[in-house]
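Since the structure comes first, as structure tokens, the remarks are kept for the end.
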Amino acid sequence: MKKEDSPRKVPRQKMPEQAPEKRRKNFEEVTLGFSPEMAVMEASRCLECKKPLCVEGCPVGVPIPEFINLIKNKDFSGAVRRIRAKNALPAICGRVCPQENQCEGKCILGKKGESVSIGGLERFLADFERQSGNIELPKKDKSTGSRIAVVGSGPAGLTVAGDLSVKGHDVTMFEAFHKTGGVLVYGIPEFRLPKSIVEAEVGLIEDLGVKIECNTVIGLTSSIDELFEEGFDAVFVAVGAGLPKFMEIPGENLVGVCSANEYLTRTNLMKAYDPNYDTPAPSGKNVVVLGAGNVAMDAARTAMRLGAESVKIVYRRSMAEMPARKEEIHHAEQEGIEFVLLTAPSKFVGNKDGFLSGMECIKMELSEPDESGRRKPVPVKNSEYIIECDLAVIAVGSGANPILAKKEPGIALSKYGYIIADQATGKTSKKAVWAGGDIVTGQATVIEAMGAGRRAADSIDEYLSGGDF
Amino acid sequence: MFEIVHKETMSAGNVFLHEIKAPKIAAKAKPGQFVILKANETGERIPLTMADVDPEKGTITIVFMAIGKSTALFGTLEKGQGYQDVIGPLGQETHLENFGKAVCIGGGTGTAVLHPIARALKNEGNHVTTILGARSESHMILKDRMDKISDSLIICTDDGSAGRKGFVTDALKEILETEKPDIVVAIGPVPMMKAASDMTRQYGIKTIVSLNPIMIDGTGMCGGCRVTVGGKTRFACVEGPEFDGHEVDFDDLAKRLRAYGKEEKEALEKHKCNLDAAV
Ligand SMILES: Cc1cc2nc3c(=O)[nH]c(=O)nc-3n(C[C@H](O)[C@H](O)[C@H](O)COP(=O)(O)OP(=O)(O)OC[C@H]3O[C@@H](n4cnc5c(N)ncnc54)[C@H](O)[C@@H]3O)c2cc1C
Ligand SMILES: Cc1cc2nc3c(=O)[nH]c(=O)nc-3n(C[C@H](O)[C@H](O)[C@H](O)COP(=O)(O)OP(=O)(O)OC[C@H]3O[C@@H](n4cnc5c(N)ncnc54)[C@H](O)[C@@H]3O)c2cc1C
Ligand code: FES
């Protein structure tokens, strides 16, 4: 290899995007994906480390250098097959995984310059495969006759269902909503993750033989014990962390104050942005979003697309402490979202009809770092002022959904209501019941939920082949 | 699809009854619980109480008034057609016991919600007095069914076209003054539930109401259904829909129900235009 061809000399390929002025008015995907040429170029940057740290950074252990090497040789089908053996949702993960903290965060190239765009390559392969229509599913083992119920169809549930089906078990997945995918369909907006892609990847899981029953709330429609009575041998619970948190400040029940869950569910799952659908979206000219995680960015960018004149993210710390992915913050800024930092809401004010008209805020300053090392925001005396707004979306986190927990006293919970499950296996305190994903960890990431699903699937398989619980 | 096996049109032509095939839900449903229905791919998720269930036939019955675009669409569904999605049973079941003397008040389509509760109270051994209210005789629903399960039935209409002229609260007042009921269940429009609760509070009689805030998921996930009860925020879909009427902030509920007024009016107008264009 000539010196100037060294992988370090090729710059990281920048994925094409819709221009900000255009995309802030539509729900189409923001990033457009690599072309085959770009993918090969990007793949050429990989150093093929002897001890690939990127793989350690991936909760489901995708053989990253192997698939990248196949891209270099333009064997895209071979490459995607490598991924599929470890990850059933590559088009989704390629789009929404926080790669900068996982695989790409460990990439050696990133230490001195820019890491390989592993997520971009994964996405390229999955899209290439889907568009070619030639998808090779993993080979299924001989039928075992065991039946497994999976509760919840988010990334954790989908992973367990796919894995166990490949291992020859008979899997049924139950979902409370009328559509499968969990946060992938009701939370993450279309412009970051097109729903047709979720549908396609869920479709492949069905092709593996997984049965899906929507409109079924386990705990209400059937209890876990009733599932056992119906003949299921094992149950995996992955109901997510969908309980919305509110601020508990005055005026929170005014019309025009809603949770990010409500706002995003109306727009994503119920397609409020599409005039052909009947569900209305809470409309706002002047929108404030409280919080600064990925959910807040999604809500703010959604508000912009629904026609708001101004959208503000109100956050009590500074830019440096924002929990959202850098890329999302950057996209939001490009789209014209304002960041009102070091500011905390103290109350919502309304007009005489009970509609929101403004939010009283107080300025904050960062004091010395506390024991956790984070600088603590403290209110500045007499700095209250009002931000005029007609829609406030609260995106300050979520908790464990209590429905299933309340109806299943046999499953031990933490003091915050999350299910206690063994880290390595996903086993709960109830016999033949496993749990994983956000309902165990609290809100985390798609890939971590999938990792938990993978570990639980192995443990369930072992139990069904005669192991102890 | 969840098939409609029986349909009735009642009350001045804008209230409909659908008996729907939904065996799993029918096997589980208890008085006071509701379902969320979605007619088709583009439809809204609309909560409606189960006015009746038949576990043997595997059916549930809903009774609803066509007031907005979605319920108007439901009203056009005929026997043999069906709903794409029915989710349930949702919400807490009614707390039932033999209280002694129960007064059950139904206003408008609230009567449909009241029906299974009143019947269950009767089955528990309560003496059930039912008061039904409507604008006029033609707006009255489920009169015969309610008559069958009540020890006594009082009919009130605003215009006096059936029963006594006046509001249900007038009849309630007389009962509160003459015999002391042990429990009152009042289900109907928000102003009616508020008036009934205000009245029974003065007599110190426990009063149950069933709230109908805007819902999406019905499983405690969106917070859209939050209501103020006893000064605290509660989620009606998982903690309700029934609450102690003396603790409910009805003004707050009434305000929140107006959230989509503008959008819904536009949607309904458009829906009507499309219907007109179709014929
Ligand atoms: C707006 C938003 C944006 C996000 N962005 C990202 C991102 O960019 N990258 C990333 O990695 N992560 C992101 N996350 C986090 C990620 O989506 C979650 O960590 C992940 O989806 C958790 O998966 P899960 O399988 O545990 O649960 P979920 O995806 O929450 O799925 C749970 C499913 O269970 C169903 N359910 C609940 N109760 C019952 C019941 N009783 N019976 C039957 N079904 C039930 C629910 O309806 C739901 O479909 C985001 C989250 C949100 C809310
Ligand atoms: C637990 C529960 C049980 C109910 N039981 C019955 C019943 O048995 N019979 C009956 O006739 N009605 C019942 N309702 C009320 C019924 O759900 C509403 O009348 C219906 O949603 C109105 O929808 P629409 O689009 O046709 O009307 P519109 O008023 O034009 O639409 C209002 C819009 O806002 C929302 N909305 C407005 N009002 C309500 C409301 N009260 N409830 C929920 N969403 C609302 C919906 O998203 C809808 O899109 C019940 C409501 C709840 C919450
Ligand atoms: S309807 Fe969403 S929380 Fe009650």
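Here is the naming used below: chain letters follow the sequence lines, and residue numbers restart at 1 for every chain.
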ask   = Using non-hydrogen atoms and a limit below 4.5 Å, what part of residues 83-90 of chain B faces chain A?
value =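 At a heavy-atom separation under 4.5 Å, chain A is reached by B/Gln84, B/Asp85, B/Val86, B/Ile87, B/Gly88, B/Pro89, B/Leu90.
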
Heavy-atom pairs under 4.5 Å with chain B, option from A/Pro244, A/Gly354, A/Ala272, A/Gly240 with the top count =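 Most heavy-atom pairs within the cutoff with chain B belong to A/Pro244.
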
request  = Could you list which of residues 213-223 of chain A have a heavy atom closer than 4.5 Å to any heavy atom of chain B, in residue-number order?
outcome  =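 At a heavy-atom separation under 4.5 Å, chain B is reached by A/Glu213, A/Asn215, A/Val217, A/Leu220, A/Thr221, A/Ser222, A/Ser223.
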
Close approach to chain B in residues 249-258 of chain A, criterion heavy atom under 4.5 Å =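 Residues of residues 249-258 of chain A touching chain B at under 4.5 Å: A/Glu252, A/Asn253, A/Leu254, A/Val255, A/Val257, A/Cys258.
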
List, one per line, each side-chain donor-acceptor pair under 3.5 Å for residues 190-198 of chain B, sequence neighbours excluded.
residue: B/Ser197; atom: OG; partner: B/Met193; partner atom: O; Å: 2.8
residue: B/Asp198; atom: OD1; partner: B/Arg201; partner atom: NH1; Å: 3.0

Heavy-atom distance under 4.5 Å between the side chains of [X] and [Y], does that happen here?
X	Y	answer
B/Phe2	B/Leu37	no
A/Val202	A/Leu158	yes
B/Leu257	B/Asn212	yes

message = I'd like to verify something: which residue of B/Thr219, B/Asp217, B/Ile36, B/Val35 has the highest number of heavy-atom pairs under 4.5 Å with chain A?
response =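 Among B/Thr219, B/Asp217, B/Ile36, B/Val35, the one with the most close pairs to chain A is B/Thr219.
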
query = Can you tell which of B/Val227, B/Ile25, B/Asp252, B/Asn40 has the highest number of heavy-atom pairs within less than 4.5 Å of chain A?
reply =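 Max contact count across the listed options: B/Asp252.
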
Using modelled atom types and a 3.5 Å cut-off, is there a donor and acceptor pairing between side-chain atoms of [X] and backbone atoms of [Y]?
X	Y	answer
B/Asp251	B/Ala254	no
A/Ser398	A/Gly242	no
B/Arg45	A/Phe177	no
A/Asn286	A/Asp390	no
B/His115	B/Ala51	yes
B/Asp244	B/His246	yes

query = Should the pair A/Phe232 and A/Phe174 be assigned to parallel (<30°), tilted (30 to 60°) or perpendicular (>60°) ring geometry?
reply =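 Perpendicular.
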
Where does [X] contact chain B at under 4.5 Å (heavy atoms): side chain, backbone, both or neither?
X	answer
A/Glu248	neither
A/Lys179	side chain
A/Tyr263	neither

Candidate pair A/Thr180 and A/Glu175, rule side-chain hydrogen bond (donor to acceptor under 3.5 Å, both in side chains), full reasoning = CA-CA 7 Å; A/Thr180 44; A/Glu175 168 56 48; over 6 Å; no

message = Using a strict threshold of under 4.0 Å (side-chain N to carboxylate O), is an ion pair present between B/Arg234 and B/Glu247?
response =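 Not counted as a salt bridge, because no side-chain N and carboxylate O are separated by less than 4.0 Å.
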
query = Is it true that A/Arg266 and A/Glu262 have a side-chain N and a carboxylate O under 4.0 angstrom from each other?
reply =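 Here A/Arg266 pairs with A/Glu262 in a salt bridge, since their nearest N and O are under 4.0 Å apart.
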
task = Give a yes-or-no answer on whether the side chains of A/Tyr277 and B/Glu44 include a donor-acceptor pair shorter than 3.5 Å.
result =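 No, because no side-chain N or O of A/Tyr277 sits under 3.5 Å from a partner of the opposite role on B/Glu44.
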
message = Could you tell me if B/Ser70 and A/Asp278 have a donor-acceptor pair between their side chains, going purely by distance under 3.5 Å?
response =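 Judged by distance alone, the side chains do not pair up.
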
